[in-house]
Structure formats: C-alpha cells, structure tokens
Amino acid sequence: MNKSITLANGRTIPVVGFGTWQAPQGETTTLAVCTALETGYRHVDAAAVYANERYVGDALRSFLNESGTPREELFVTSKVWNTERGYDTTLAAFERTLKDLQLEYLDLYLIHWPASPSRFADWETVNAETWRALEHLHEQGLVKSIGLSNFYVQHLEALLRHARVLPTVNQIELHPGQLQPEVVACCREHQIAVEAWSPLGTGRMLQNQTLAEVAARYGKSTAQVCIRWSLQHGFIPLPKSVTPERIRENIEVFDFELSAEDMALIDSMPYCGGSGLHPDEVDF
Ligand code: A2P
C-alpha cells in the first residue's frame, strides 16, 4: 500500500494524517505534533475551532527549522469554523489560521461543517459564498487544495452546482460501525477523496470485542486494526493522540493486511458508538 495518494487535482496527500481535535491548548500539543513529525507523519489535520493552532504551528515551525525538511514534504490542513461562514469572514478567518500555524500557505482548507437546511433558509447560498472564498484563496496560491468536511449528500450536491473549483476532499466521521455508504458513494462518483475523522471512534472502538479478536489474529492493536481497515477502504484516517507510544503505534499500519474475511467482518459490525454528530442536527 502506498503511503500517499493523488487527489483529483494532481496533488499528493499522505494517507495517514495526524488528528488534533481535542488536543489541548498548550505545550502538550506542540510536543505531540513534534513527536508525530519525528516519527514520520507528514500530514497534520488542524482546525481553527480546536483552539490549538498556535501550538500546532510551534511544532511545525520548530520541525521545519530543525530537521531541514522542505515545507513541500508536509501536508497541513485547516478548516473554517461555522461562525465565519461567508466570503469576507472566511478570508479573515483564513488569515488568522495561517498566522497561528506559522505557514506561508496551506495544503488543504476545508469548510468545517455545512450550513444545513434545518437551521438556515439560505443554507445553499451560505455554503456557496464560503466556497467562493476558498476558491479565491486557491487562485491566490495560498491554499493548494480545497475541500469540505461533514458534507452529506444533499449538502455536497448543492455545493457542486455552484463550484468552479471542485472539492478534492470530504472529511467525515468514519470508523467501524459507522460506514456512511451514501456519502462515500457520492464522493467517489465525483472523484472526491474521503478522509476519516475519529477513525477510533474518539477511542470508543478500542473496547470492542470483535475488533480485539481481529487484532489478536495479526499481533496488532485494536487501534492499528481500525486504521488499517480505514486505509483498505481507501479512506484517509486521521487518528489523534497526544501519547508518544500511541502516536508511533498509529502509523505502524503498513506491515500487515486485513484479509477479505476480516474486512467483511468489521464492515458488518453494528453501530457501536461515535460522536453522534450529524450535520443537520448539530446546534453549532
Ligand atoms: P490520547 O490522545 O490521550 O492518547 P480518534 O482519533 O478516533 O478521535 O480517537 C482519539 C482518542 O483515542 C484519544 O482519546 C486518544 O487518546 C485515543 N487513542 C489514540 N490512539 C490510541 C491507541 N493507539 N491506543 C489507545 N488509545 C488511543
């Protein structure tokens, strides 16, 4: 399995990203991102609402300065938060994020959540205006690729009616028990790569008996099985950890392969927990 894949716009993206949702404000996050980069992760997934981009940025800056790794070898993502939807507000939010991350450009910038019909009469226009700002940033070369997060089929299809630059990625919650086949099929139809947030179900998968049994067959951990399952589906998993040994464990997923039977067994697992967040139901 390749460690990177090519997006529809020709750019490459490392297939395992380092998640930073729920990483704290402070040095713990800087140390975790430094550990990830030193361990070999080349893809960091950030967002303004995680309120830790400054600390992620400290790690990126110190790693780039100290390792001599060229900036082009890193893939850094951020997302515009819901309170900043719209053209001008998105551009301003992007500037703050770029400053916090201490970078000259981002590899990927996403709309974090769609404005949904359940909360906005003009949801389609709101999303189109936010997208127009991302297109502008893309044209300026400040963002190499642009994409979406938490867009389900109706949000995605509506956005595609307005987009001049096509989204390259849709980042959705995906883990055993939450396969989201309709959204995934819609993304595939439009050559949109699928990123998996919370590939460990924010840790909830790790107590699951079926997954533990599969893991034992390969001499791997349950976390590694979840990440490998995600990769074998062609998703781009973004496991988060601030614990050095787990950070290392979560990227050691290229030396084994789940059999077709074990893939099918995991696919058949019922819903066994997750964030419970749905874009048409969230109140933020
Ligand atoms: P921590 O950050 O304290 O190490 P997800 O990526 O699905 O959102 O899951 C993140 C959660 O899973 C965090 O609570 C993280 O804890 C925990 N976690 C991440 N990797 C592992 C692992 N390899 N083993 C056990 N727990 C893990």
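Here, residue 1 is the first one in the sequence, and each next residue gets the next number. Not measured: the values here are computed from a predicted model.
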Could you give all pairs that pass the ring-ring contact (aromatic ring centres under 6.0 Å, His included) test and reach residues 174-215, with sequence neighbours left out? W21-W197
Pairing residues for R204 by the side chain to side chain contact (heavy atoms under 4.5 Å, CB included) criterion, not counting sequence neighbours: T202
Of the non-hydrogen atoms in G274 and Q178, which two are nearest, and what is the gap between them? CA-OE1, 4.5 Å
Could you pull out the closest heavy-atom pair between G147 and L108, with the gap in Å? N-CD1, 4.1 Å
Which atom pairs, donor and acceptor, lie under 3.5 Å between side-chain atoms of residues 36-49 and protein residues at least two apart or in another chain?
unit_1	atom_1	unit_2	atom_2	d
T39	OG1	T35	O	2.4
Y41	OH	I247	O	2.5
R42	NH1	L37	O	2.8
H43	ND1	P14	O	2.9
D45	OD1	Q171	NE2	3.0
D45	OD2	K79	NZ	2.6

Note: V80 and I111 closest approach over all heavy atoms is CG1-CA, 3.8 Å
Are the ring centres of F151 and W113 closer than 6.0 Å? no
Could you check whether any side-chain heavy atom of P114 comes within less than 4.5 Å of a side-chain heavy atom of N150, counting everything from C-beta outward? yes
In residues 206-216, what donor-acceptor pairs under 3.5 Å come from side-chain atoms, sequence neighbours left out?
unit_1	atom_1	unit_2	atom_2	d
N208	OD1	T210	N	3.0
N208	OD1	L211	N	3.0
Q209	NE2	E213	OE2	3.4

Which pairs count as ring-ring contact (aromatic ring centres under 6.0 Å, His included) when at least one residue sits in residues 241-269, sequence neighbours excluded? Y218-F256
Side chains of H155 and E124: any donor to acceptor distance under 3.5 Å? no
Strictly by salt bridge (Lys or Arg N to Asp or Glu O under 4.0 Å), give each pair with a member in residues 262-284 just once, sequence neighbours left out. R217-D262
Grab the two heavy atoms, one from L179 and one from L174, that are nearest each other, plus how far apart they are. O-CD2, 3.3 Å
A side-chain contact here means heavy atoms from C-beta on lying under 4.5 Å apart; do R132 and T130 qualify? no
Are H278 and Y152 an aromatic pair, judged by ring center distance below 6.0 Å? yes
